[in-house]
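In this text, all values refer to a predicted model and were calculated from it rather than measured experimentally.
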Amino acid sequence: MSESIADRIKKEPLALALVGVAALFTLMFVAVAIVRARYPFEVEWMEGGVLCHALRLVHGEPIYAEPSARFVSFAYTPLYPAVLWALSPVFGLGYLPARSVSVAAFAWALVVAYLFVRREGGSRAVALGAAALPAAAFAPTGAWYDLVRVDSLFLGLLASAVAVGWWTRNGARGPVAAGALMTAAFFAKQTALPFAVVLGLVLLVSRRRAAAVYAATVVMLGAALLAWLHAASGGWFWTYAFALHRRHPFEVAAAALVTPARLALLLAPGLLLLAWALARAPRTGLLYASALAVTGVVAAALGAGTEWSYHNALIPGVYFVSMAIGVAATELEGRPAAPLLLAATVATAPGGLVALAQRVLPERSAASLALPLGYDLRGLVPSAADRTRGAALVARLTAAPGEVFVPDHSFYPHLAGKDTRLHAMNLADLQGAGMKVPRDLVEEVRQRRFSLIVVDREEPARGADPSGRQGPEDEAIGLLPGVSKHYRLAERIDGPRVFSGGRFVPCCLLVPRDEP
């Protein structure tokens, strides 16, 4: 006779509480992701720029080429836009299919975390708790997992690579598969590189032949792709994917102090579990997971220290520390404190301890640690009014004669049936790296080529007082080379908001000044 729910609650109350908390925060993320995936405008201000990369491939044009008014690449490797291009004949190219790729990749990363903990001997409850931790940290990590950005595809491939490399280290084909997956992760985002090194070192210690096969796969496949991209782009791939990063300032304090502190606050109860398990003669699985956790923290720190970074830099730290916490809870199963601490970690991952620290720390320290809270996700969901504002802006672009320029949302002209131009982030990247603004863009502005330019202002926080916004508007217009000289403000608008990343909102419609 099957066990009743009441009997099971009496027998495993802490495990069931853990499952309940894990399910709650995972379902909260799923609900938000479903609504945002269907939103026909930008949830984050660089989504359109990523879609423009895929659009270039659809048109048979390179994404790594000399900077021009038409296009400048973001500083990433090319796999994500290539995936969107490959899927476009079937699903089209737009926000919904691109976000679906990200959601599917993130869901797969959670499945890998669950399977990893289970294979290390963890119960279903503990594995679910570990897998739920990254989902619970959705808002503090920038509300990023479902965006048209590279991070989730990178995470799904990276998680697969380190798991396959560990699970199949004694097989003949496993190291080859791990090497191929790690190479794919690198070509999704360069942050895979430290994980590639750590997996190689772990294999070298545990099984030298597997390490040799893995290293040979990564080197041969990676080198071949790097050489091809370098040659095919005339050297521009290297400039965008590597050289630009080296030319930007690096904030040591953000990397070495703020990032570890933020991760510690998000995952504090689980870190106690991890330290407890490591102090008890841990098994090799926990040592490996801990090495990945340390690598995740290092990767997060490197990302956070880069100029103009955002909270999504925390993603690899949150994910791999969560996996290690799950394995630690596995080693401590049978002790009531283990599921209790894991449940507490899931409950604080949305930022509870961050909020508490902001109350007790000095104002300056509290401000440096601030993260968005994830207990109420309604503010991350577009409303009917946002759809109306987005449709109105696209209609204005469609009605404008000739070409338009929307630097902060570079895919919107495509929605209006017009040619796209470079993204505002490209201008910041080029100028920050000491490179010149594309000459043809300067000429297009000087010649008043655009009948309409849409400028965004950046709000310091959602819900900021809109009064006195002349300063931010002037600043935003001044960032575009020559625009203030050749264009005038024709109308102020309240454009469609974004809900992740920088709060850029279309505010100003500029038209050409009369000829002198």
Side-chain angles (χ1 to χ4, degrees), residues 49-67 71-89 93 98 101-102 104-105 108-109 148-165 168 173-201 203-204 210-246 295 299 302-303 306 316 429:
V50 177
L51 284 174
C52 285
H53 285 61
L55 186 62
R56 292 274 294 185
L57 296 177
V58 168
H59 291 162
E61 298 173 309
I63 59 175
Y64 301 110
E66 184 177 0
F71 183 78
V72 177
S73 176
F74 290 149
Y76 293 114
T77 38
L79 183 61
Y80 182 69
V83 169
L84 302 186
W85 162 75
L87 295 175
S88 63
L93 182 62
V101 169
S102 293
W108 175 246
V148 187
R149 298 297 298 266
V150 303
D151 299 74
S152 287
L153 180 62
F154 155 74
L155 186 65
L157 291 167
L158 180 60
S160 300
V162 298
V164 168
T168 64
R173 299 179 181 179
V176 175
L181 287 166
M182 186 64 75
T183 303
F186 172 81
F187 282 97
K189 192 175 184 181
Q190 300 94 310
T191 318
L193 188 57
F195 292 92
V197 174
V198 168
L199 177 55
L201 292 174
L203 292 177
L204 183 63
V213 173
Y214 163 79
T217 303
V218 170
V219 169
M220 289 190 295
L221 187 57
L225 289 170
L226 286 171
W228 175 71
L229 285 166
H230 183 74
S233 66
W236 284 105
F237 165 73
W238 187 267
T239 297
Y240 289 116
F242 302 104
L244 279 182
H245 291 286
R246 294 201 302 268
T295 309
L302 291 174
T306 304
D429 274 335

Nearest heavy atoms of [X] and [Y], plus distance in Å:
X    : Y    : answer
M182 : A192 : SD-O, 4.0 Å
L244 : D429 : CD2-O, 4.2 Å
L157 : A188 : CD1-CB, 4.3 Å
A210 : P175 : O-CB, 3.5 Å
A54  : L93  : CB-CD1, 3.6 Å
A98  : L51  : CB-CD2, 3.9 Å

With side chains defined as the heavy atoms from C-beta onward, is the minimum distance between [X] and [Y] less than 4.5 Å?
X    : Y    : value
I63  : W85  : no
T77  : F237 : yes
Y240 : V72  : yes
S102 : R149 : no
L79  : F154 : no

Should the pair F242 and W238 be assigned to parallel (<30°), tilted (30 to 60°) or perpendicular (>60°) ring geometry?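 It falls in the tilted class, 30° to 60°.
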Checking side-chain contact (heavy atoms from CB on, under 4.5 Å) for the pair L229/F187: CA distance, chi angles, key distance, verdict? CA-CA 11 Å; L229 285 166; F187 282 97; 3.6 Å; yes
Would you say the side-chain atoms of Y64 pair up with the backbone N or O of H230, donor to acceptor, closer than 3.5 Å?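 Checking the backbone N and O of H230 against the side chain of Y64, no donor-acceptor pair under 3.5 Å is found.
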Inter-residue atom distance L226.CG - L221.CG, 0.5 Å rounding: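 Interatomic distance, L226 CG to L221 CG, rounded to 0.5 Å: 9.5 Å.
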CG/L155 to NZ/K189 distance, rounded to the nearest 0.5 angstrom?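 It is 9.5 Å, given to the nearest 0.5 Å.
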Among Y80, Y76, F71, the one residue meeting ring pair (Phe, Tyr, Trp, His ring centres under 6.0 Å) with H53: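 By the ring pair (Phe, Tyr, Trp, His ring centres under 6.0 Å) criterion, H53 pairs with just one of Y80, Y76, F71: F71.
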Verify side-chain contact (heavy atoms from CB on, under 4.5 Å) between T168 and R173, making sure each step is shown before the conclusion. CA-CA 8 Å; T168 64; R173 299 179 181 179; over 6 Å; no
